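Keep in mind it's a predicted model, so treat the numbers as computed, not measured.
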Amino acid sequence: MSSGGEGKNVVVIGGGVAGSVVAKTLQSEVNVSLIDEKEYYEITWASLRCMVEPEFAKRSVISHSEYLPHAKIIPSTAVDITDTDVLTKQGSRIAYDYLVVATGHTQSSAETRTEKISQYQAEYEKIKAADSILIVGGGPTGVELAAEIVADFPAKKVTLVHRGSRLLEFIGESASKKALNWLTSKKVEVILEQSVVVNSQSDGVYRISGGETIVADCYFLCTGTLFGSVWLKETILKDSLDSRGRVMVDSNLRIKGRNNIFAIGDITDVSELKQGYLAQEHAKVVAKNITTLIKGVEDDHKLAVYKPATKALAIVSLGRKDAVAQFPCLSIAGRVPGMIKSGDLFVGKTRKGLGLQPGV
């Protein structure tokens with residue numbers, strides 16, 4: 001411990017893509033406490049593969065204790081923040097010198113790794129038993145799930161309904177057209193500019209906004225989730241949220257007006273696409289800045305600055321071998337982008353980054 005961090009307490013709220021990297025990076029330098037309602041870290045960009053291949057979850061759902069041997073893991077929800085402590089739902093107070101808020105988007109999830117893997121097994125059984133499947137939402141989650149299902153179960157009738165005028169609206173038109181062509185070539189029925197009245201279903205018949213009906217044995221809702229920031233309205237950070245509920249940060253990813261509290265990942269107002277690899281970049285900048293501050297550096301100019309990603313870079317996998325990719329100057333579909341992502345979905349690389357065996 002050469003950084004002078006002995007005795008300093010860093011509390012990270014949220015053990016997702018961003019929070020896990022900060023905790024992992026700092027655990028040998030300072031006293032790190034990770035507060036997370038789940039006892040595991042999930043490689044989220046692999047979650048849809050787990051629904052068609054539950055075994056995959058054994059590599060992509062990782063107990064926090066596996067990669068955080070030197071940190072204190074607190075399986076609970078944070079409910080309040082004061083100038084000195086974080087209060088958890090269980091009533092414990094955790095003191096901090098530096099705080100990192102990384103609560104991403106709200107999602108109800110299993111608390112333990114075993115429960116999460118069982119959940120995937122149940123999803124798999126549901127898909128396997130269904131002859132017809134409805135997917136609501138044509139963003140990356142809906143597109144990837146449809147592709148995973150038709151790649152593994154080509155005989156199933158898959159219908160995807162999206163309220164937008166094209167799939168994958170966050171990337172260029174050319175890339176979204178390529179994704180649409182791939183899905184329709186696999187006999188996925190894609191219905192655009194319509195929404196599903198989900199609670200309208202009766203005996204497997206769903207009504208869509210245009211008045212037509214769709215028959216399906218089961219459905220999956222793949223629309224966006226809310227920012228995980230509502231709880232901050234009851235804390236000292238209540239004035240740090242913008243009108244959309246995002247946490248306002250400066251160029252060092254400190255919450256505006258705070259010297260020792262940072263926010264990273266999807267919860268921030270950083271003007272860029274909300275993507276996992278960018279959240280990890282946020283985490284690296286914040287870990288660096290906390291290390292610098294602990295050394296007693298008072299000059300803000302010496303802190304690392306986060307530069308938002310200005311050009312879209314995204315790969316949406318289409319089953320096991322294909323993908324559609326949006327690079328800054330072009331979009332491509334097929335086996336080449338598929339070779340980059342679709343086989344392993346970056347699980348080996350992510351495990352390696354956490355100091356774990358990539359293939360286990």
Is the number of heavy atoms from other residues, nucleotides or ligands under 6.0 Å of [X] [atom1] greater than 12?
| X | atom1 | answer |
| --- | --- | --- |
| Glu234 | CD | no |
| Glu298 | CD | no |
| Lys157 | NZ | yes |

Quiz item: Is it true that Phe262 and Tyr98 have ring centroids separated by less than 6.0 Å?
Solution: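 No.
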Quiz item: Quick check, are the ring centers of His282 and Tyr306 under 6.0 angstrom apart?
Solution: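 For His282 and Tyr306, the ring centres are under 6.0 Å apart.
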Practice problem: Please report the C-alpha distance between Glu115 and Glu39 in whole Å, then the side-chain angles of each, then the deciding distance to 0.1 Å, and finally whether the side chain to side chain contact (heavy atoms under 4.5 Å, CB included) criterion is met. | Solution: CA-CA 10 Å; Glu115 284 169 2; Glu39 293 175 2; over 6 Å; no
Quiz prompt | Donor-acceptor pair between Asn252 and Asn289 side chains, under 3.5 angstrom | solution =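 No pair is found: no donor N or O on one side chain lies under 3.5 Å from an acceptor on the other.
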Quiz item: So, Ser76 and Gln90: side-chain donor and acceptor under 3.5 Å apart, yes or no?
Solution: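 Yes, Gln90 and Ser76 have a side-chain donor paired with an acceptor closer than 3.5 Å.
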Exercise. Please list, chain by chain and in numerical order, all residues satisfying ring pair (Phe, Tyr, Trp, His ring centres under 6.0 Å) with Tyr124, sequence neighbours excluded.
Key: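 Not a single residue meets the ring pair (Phe, Tyr, Trp, His ring centres under 6.0 Å) criterion with Tyr124.
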Quiz item: With sequence neighbours excluded, what pairs up with Phe220 under the ring pair (Phe, Tyr, Trp, His ring centres under 6.0 Å) test?
Solution: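 Listed in chain order: nothing, the list is empty.
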Quiz prompt | Ion pair Asp152/Lys128, N-O distance below 4.0 Å | solution =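 Lys128 and Asp152: not salt-bridged.
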Could you check whether any side-chain N or O of [X] sits under 3.5 Å from a backbone N or O of [Y], counting only pairs where one atom can act as donor and the other as acceptor?
| X | Y | result |
| --- | --- | --- |
| Arg49 | Gly319 | yes |
| Asp36 | Pro75 | no |
| His64 | Tyr40 | yes |

Exercise. Mind checking the OG1-CG spacing from Thr268 to Asp250? Nearest 0.5 Å is all I need.
Key: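 It is 11.5 Å, given to the nearest 0.5 Å.
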Self-check item: By side-chain contact (heavy atoms from CB on, under 4.5 Å) - contacts of Arg166 (at least two apart)
Solution: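 Result, side-chain contact (heavy atoms from CB on, under 4.5 Å) vs Arg166: Glu169, Glu173, Ser176.
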Quiz item: Hey, does Tyr41 have a side-chain heavy atom less than 4.5 Å from the side chain of Leu68?
Solution: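 No, side chains not in contact.
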